[in-house]
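Right, one structure below, let's go through it.
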Amino acid sequence: MTPLARLLILLYPRSWRARYGEELEALIEDANTRPTDVLDLFTGALKMQLTNWKFPIGLALAGLALATIAAELVPKIYLAETSVRSDTGNHVAIVRKAMNGSALVEIIHAEGLYSEESARMPLEEIVEQLNRNLRISAPGPDGVMKVYFQHSDSAIAQRAAHRLAASLAVPGPVTASVVFPNHRSLQIIGLGIGLLSGLAIVMRRRRPA
Amino acid sequence: MSDPAILLLASLAEGDKHGYAMMEDILRFAGIRLGPGTLYGAITRLEERGFIQPIDSADSRRRPYRLTAAGRQHLDVEMATLSRIVNTATSRLRPA
């Protein structure tokens, strides 16, 4: 048991080991080390680490890692974007035409959009859902309009955006980016929670009993 | 009454001791065997608070510790509190 107990001393903070490490090792040699001492040394090392100012940094990095993993595991929402240039002056009319119910129903069927929802929702609500996820910007001075569509599948988002834009005019290239989750925000939150929790734990442990 | 810090102060109230001597003494007078991690956790906290101090020794691996005046005063206060608790509990268990 003694060699394992000696190894556990390595779990204590370096600064603590520099001051008490040899004394603790001598105690382990002198005392008839028992199996329960292994757990006692482990919890002792853990408690001592909780008073170490490096602990909050470790917890912050753990928070960052967890947030990064969580951001990868959370289902993503993609925003596809494309642009169209319309030379006709009446943009409102062509947008209305592109976004009327039957045109949108055609896109829903062609792209197989909201197949799960369509089993339990009426078509009008599906069209309403498509409308919520679709945005067409007002034309700029050069007559270019942006078409945005968001969906949980990047390929579907891009195809639907292309199809919508094509109903207005000849579309440009389509790009898609993740709009949810925001990796950077999640990582900052994870880092912050880890750091603050670590500082709170260390300050609590260092407060005189 | 199993607070390792109080047990350790009570042990050092008898005289200077190194870690293993404290462990054996506490086992003898309280019937409690403190594990090495618990013992050195208590030694660290008590030294930080100025209740005990290490003494120079030829064997630096078995450095003895001494109760300071602040440690003696702290133990005194703790014992007074404990006495009140013991007296109260005893009188309530065995009413006259």
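Note: hydrogens, waters and symmetry copies are ignored here, and every other heavy atom, side chains too, is used. Chain identifiers are assigned alphabetically (A, B, ...) following the order of the sequence lines, protein sequences preceding nucleic acid strands; residue numbering begins at 1 within each chain.
- Ring orientation note: the planes of A:Y114 and A:F149 are nearly perpendicular, at an angle over 60° on the 30°/60° scale.
- The existence of a salt bridge linking A:D37 and B:R33 is confirmed by a sub-4.0 Å separation between a basic side-chain nitrogen and an acidic carboxylate oxygen.
- Contact of A:F42 with chain B is not made at all, since no heavy-atom distance falls under 4.5 Å.
- Contact of A:E25 with chain B is made through backbone and side chain together, with heavy-atom distances under 4.5 Å.
- Between the side chain of B:D16 and the backbone N or O of B:R66, no donor-acceptor pair lies under 3.5 Å.
- Your options are A:L27, A:T36, A:L39, A:T51, and the one with the most heavy-atom pairs under 4.5 Å with chain B is A:L27.
- Looking only at heavy-atom pairs under 4.5 Å with chain A, the residue among B:T38, B:I43, B:D59 that has the most is B:T38.
- A salt bridge links B:R28 to B:D25: at least one charged side-chain nitrogen sits closer than 4.0 Å to a carboxylate oxygen.
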